[in-house]
Number of protein chains: 2
Amino acid sequence: MLDATSSYNPMDLRIPVADRTGHRTVPETTRRTDRLPGTRYGNRPTMKDVAARAGVGLKTVSRVVNGEPGVTAETERRVQEAIEALGFRRNDSARVLRKGRTASIGLVLEDLADPFYGPLSRAVEEVARAHGALLINGSSAEDPDREQELVLALCARRVDGLVVIPAGDDHRYLEPEIKAGVATVFVDRPAGHIDADVVVSDNFGGARDGVRHLIAHGHRRIGFIGDMPRIHTAAERLRGYRTALEDAGIPVADSWMSLGVTDPERVRRAAREMLSGPEPVTAIFTGNNRVTVTVIRVLAGQTRPVALVGFDDIELADLLQPGVTVVAQDAAALGRTAAERLFRQLDGTLLTPERIELPTRLITRGSGELPPAD
Amino acid sequence: MLDATSSYNPMDLRIPVADRTGHRTVPETTRRTDRLPGTRYGNRPTMKDVAARAGVGLKTVSRVVNGEPGVTAETERRVQEAIEALGFRRNDSARVLRKGRTASIGLVLEDLADPFYGPLSRAVEEVARAHGALLINGSSAEDPDREQELVLALCARRVDGLVVIPAGDDHRYLEPEIKAGVATVFVDRPAGHIDADVVVSDNFGGARDGVRHLIAHGHRRIGFIGDMPRIHTAAERLRGYRTALEDAGIPVADSWMSLGVTDPERVRRAAREMLSGPEPVTAIFTGNNRVTVTVIRVLAGQTRPVALVGFDDIELADLLQPGVTVVAQDAAALGRTAAERLFRQLDGTLLTPERIELPTRLITRGSGELPPAD
DNA sequence: TAGAGCCTGGACAACGTTGTCACCCTCGTA
DNA sequence: TACGAGGGTGACAACGTTGTCCAGGCTCTA
C-alpha cells in the first residue's frame, strides 16, 4: 500500500487492526528521515516573525489575528501590515494542539462514488460547515478492516466527531474512543455490539410496502435480489419481503430469492434464472440501486413484461418505459439528521443514544403496476 | 452561518475574503470560553501517562509507539501493556506540529452530490490512501468566495497539497501558499492568473465532435444549452459547438444558443423556445449532465423527434428510448491523474507546471443519430 | 496629589509529540 | 584492572499557538 519509492512519506496512517495505538509496524526501510529543520512548512512565517517585524510582542499578534480586544488601532495596523508583507497565515495545527478541538469531523462511508452516498456526504458537509467544521472523508469499500483502520486514523487526528456508515458488524473497538469523548453517529446501518446513536431508513417497512404493492397488483410469485444478509440493510429488506408474502399467505420459494449477489454479472444470471423454469416469477423486488439498474437491463431484453419495484430511487427512473416504481429513501435527510445529532452530542444537549428511523416513500411510475403475465 | 446558540464552537473556519490571515472577525458574542484545562480531548492519556505507568521515560514510549529500534523486548512489553490498559492513542495533532507534514490533502470541488464528482473524488481518495494521506473534502457550490474560503481554511490546516476544481477565475490568492510549498493541482478547469498544474478534459474537441456528429446526420439547425461562459468548461464546449458549425459553413443563429441557464425551469423554457418558432432546431447539444437530463424530459414530451447529444455520460442513458448519445469524459481518470501529479509535486519529481488534456469519447446510442425532422 | 481602576502590551508556560544528545551499563579486549 | 565500544534509555528543547498573569502608563476622582 505504501509507495516505498516515493519520497513523500508522511506519517503512516495505516493502522494494523490488532493494534489500537496508532503506531506503525511497517519495516524500517520504508521510512525517511525528517525534513531538515528550517524547511518545515516551506519556511512559513510564524507569529513570532510577524511580531518581530511589527515591533510588538507575540501575544499582540495573536490578539490581532484572533480579533481579540485590547489592541490600539495603530498597533493593529502595524501588525496587519507585517502579516500582509510576510504572507503570514495562522497554523491551525498548533492551534488545534493548544485548544483541544480540531473543528473537523470524519465521515466513513462505503463508496464516495456511489450515487446514494454523494447527497448524504454533501448533507453532512453542509451541517459541518454551519458549525464551522471541516469534513474528512474516507471510503471503506465495504471492508470491515478498512473501516476500522480509517476510523482509528481519524481518531488519532482527534476529529471532534465521527459519522460512520458501518461496513463491519462489531464496533467495540470504538468504545475507548467514545468514552474519551469522540462524538459518534452511525448512519444507514446500526452499530454492532455498542450503544450509540443510529440513524437509519425504515428498510423493513419500505421493502414490505414495496412487495405488498406488487401483491396488490395480483402478483403471487415475486423474486428478490439483494445484497449479503450480513449487511443490516439487506437483511431488513429481505425480512420486509418475507413478511409481506407471509402476511398474504404466500409461501416463499427458495428459488425466488437471490442473496449476496452484487456484481452485475451474477445479478443478471440470478434474474434470468428466476425468470425461467416451470414456475417463473412475474415480478421482482430489487434490494438496492445497483441491483435495480442491472435488473432493468435484463428486463429490457425480455419479451414478457415483468413487474419491478426497486429499493432506492434512481435518476431518470421516470423516463424509462415503463417508469420504474421504487421505494425511495432520502439520503440527504439521513446525512443531515446524523450530522445534526453529532453536533448536539458535541453541544452536550444530547445525552442518551437513540435510534432514529426515517420513513421511506413508495413512488409509483409504472413498472410496479404491471399485472402478472403468466 | 455560525450557529450562535450552539455550545460547540470550534475555531471559526470562515475566512473573510478580504483577509488572508485566517483570523476571525465575527462578533465577540458568538465566542465561548475555552474548555476547562484538563478536559481537553476528553482527558485522553498521553505518552507521559503511559511512561509513568510503565515506569519508563517519555521517549521510550515514543520509540515503542513508532516502532523505532533500540528498545528491549521486556521494556516494549511493559509499554504495550500500559498503552493497552490506558487506551492510549497517539495524538496526531501534536505529531503534525512537530513533523511539519499533515499527511492530508484537500479537495475542493463544486458539489459532492453531483454524480460527476463522486467518482472523481473517490479516485483522488484512492491515490491519497496509497500515499498514506487522508482526504479533506469541501464543496464550493460554484461560489468563488466560498472556494477561496475553503482553500484558505485548508491551507491554514497545513494540508500537504490541494486538488481544486475552481469555481472562480482568479487564483492569485494562492500564490503565497504555493510559494510556501503547498502542492496544487487544478482539475476540470484551469487556474486563473497563476501558473499551476492543470488536468482537464478536451472540452473543446469533445463538443466539436459531438456537434459534427449531428451535422453528419443531416442537421443544420442545432441548438446549444450550456452553463455560464465564465465557467471555463462551458466556454470551451460552446467554442467547440461554434467551430463545428463554422467548419461546416453553417451560420450560427443567436436564438439557437442558451447560455448561463442552469436551473431546470429555465432550461426547460430555453429548450421549448428553440423548438418552437418559424425555424425550430432539429437537434440539441447539451453542455453538461444536468442540462442533458432536463432536456431529455422536455424532448420526451415532444411529438416530433429531436436529435440530442449531451456532454457527460449519464446513468441508464442506454435504456431510454432512444438511447442517449453522449460525449463522455472520464471523471475517475481526471481525479487519478490530478492526484498522482500532486504527489509527484510532493516528491519533488515534478517541477514545471503542465497542462494535461484527457480525451473524451463519443458514445452513440440513438438520440444523436436521429435524422432531422422538418 | 495620591490612589483606584482601566487600557495596552508582553513574558511565560503549556498543549503532546519527536529529534538530539548525553548518560549509564555491559561486554570484550588490552 | 582499565578502557573503549556500543546498545539501551531518558532529559531536554523545539514545533507554533493560546491562556494566564503581571507591568506600566494613563485617566479619573476624592
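Convention: sequence-line order gives letters A, B, ...; per-chain numbering from 1.
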Can you tell which of [options] lies closest to the side chain of [X]?
| X | options | result |
| --- | --- | --- |
| S62(B) | dT17(C), dT18(C), dT17(D) | dT18(C) |
| T46(A) | dT18(C), dT18(D), dT17(D) | dT17(D) |
| L97(B) | dT18(C), dG10(C), dG16(C) | dG16(C) |
| V56(A) | dG10(D), dG10(C), dT17(C) | dG10(C) |
| T75(A) | dG9(C), dT9(D), dA11(C) | dG9(C) |
| V71(B) | dT17(D), dT9(D), dT18(C) | dT9(D) |

### Message
Please enumerate all residues that pass side-chain contact (heavy atoms from CB on, under 4.5 Å) together with E81(B), with sequence neighbours excluded.
### Response
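If we apply the side-chain contact (heavy atoms from CB on, under 4.5 Å) test to E81(B), skipping adjacent residues, the hits are R77(B).
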Taking [atom1] from [X] and [atom2] from [N], how many angstroms apart are they, rounded to a whole number?
| X | N | atom1 | atom2 | value |
| --- | --- | --- | --- | --- |
| L58(B) | dA14(D) | CG | C1' | 13 Å |
| E68(B) | dT9(D) | CD | P | 13 Å |
| K48(B) | dG10(D) | NZ | P | 15 Å |
| D92(B) | dC15(D) | CG | P | 20 Å |
| R157(A) | dC15(C) | CZ | P | 22 Å |
| M47(B) | dC12(D) | CE | C1' | 16 Å |
| D49(B) | dT17(C) | CG | C1' | 13 Å |
| R101(A) | dT17(D) | CZ | C1' | 18 Å |

Are [X] and [Y] ion-paired here, with the side-chain N under 4.0 Å from a carboxylate O?
| X | Y | value |
| --- | --- | --- |
| R44(B) | E177(A) | yes |
| E149(A) | R129(B) | yes |
| R122(B) | E126(B) | yes |

### Task
Compute the angle between the rotation axes at the two ends of the helix from dT1(C)-dA30(D) to dA30(C)-dT1(D), each taken over five pairs, rounded to 10 degrees.
60°
Check whether the side chain of [X] and the base of [N] form a donor-acceptor pair under 3.5 Å.
| X | N | answer |
| --- | --- | --- |
| K59(A) | dG19(D) | yes |
| R98(B) | dT18(C) | yes |
| R63(A) | dG19(D) | no |

Is [X] near enough to [N] that one of its side-chain N or O atoms lies under 4.0 angstrom from OP1 or OP2?
| X | N | answer |
| --- | --- | --- |
| S93(B) | dG16(C) | no |
| T60(B) | dG10(D) | yes |
| N91(A) | dC15(D) | no |

### Query
Considering only heavy atoms from C-beta outward, does the side chain of N137(B) approach that of S121(B) to under 4.5 Å?
yes
### Task
Specify whether F186(A) and H171(A) have parallel, tilted or perpendicular ring planes, treating 30° as the upper limit for parallel and 60° as the lower limit for perpendicular.
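Plane angle over 60°, so perpendicular.
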### Task
Could you go through the side-chain contact (heavy atoms from CB on, under 4.5 Å) check for T46(B) and N91(B) one step at a time?
CA-CA 8 Å; T46(B) 71; N91(B) 184 333; over 6 Å; no
### Query
Of all heavy-atom pairs between R172(A) and I194(A), which one has the smallest distance, and what is that distance?
CA-CG2, 3.6 Å
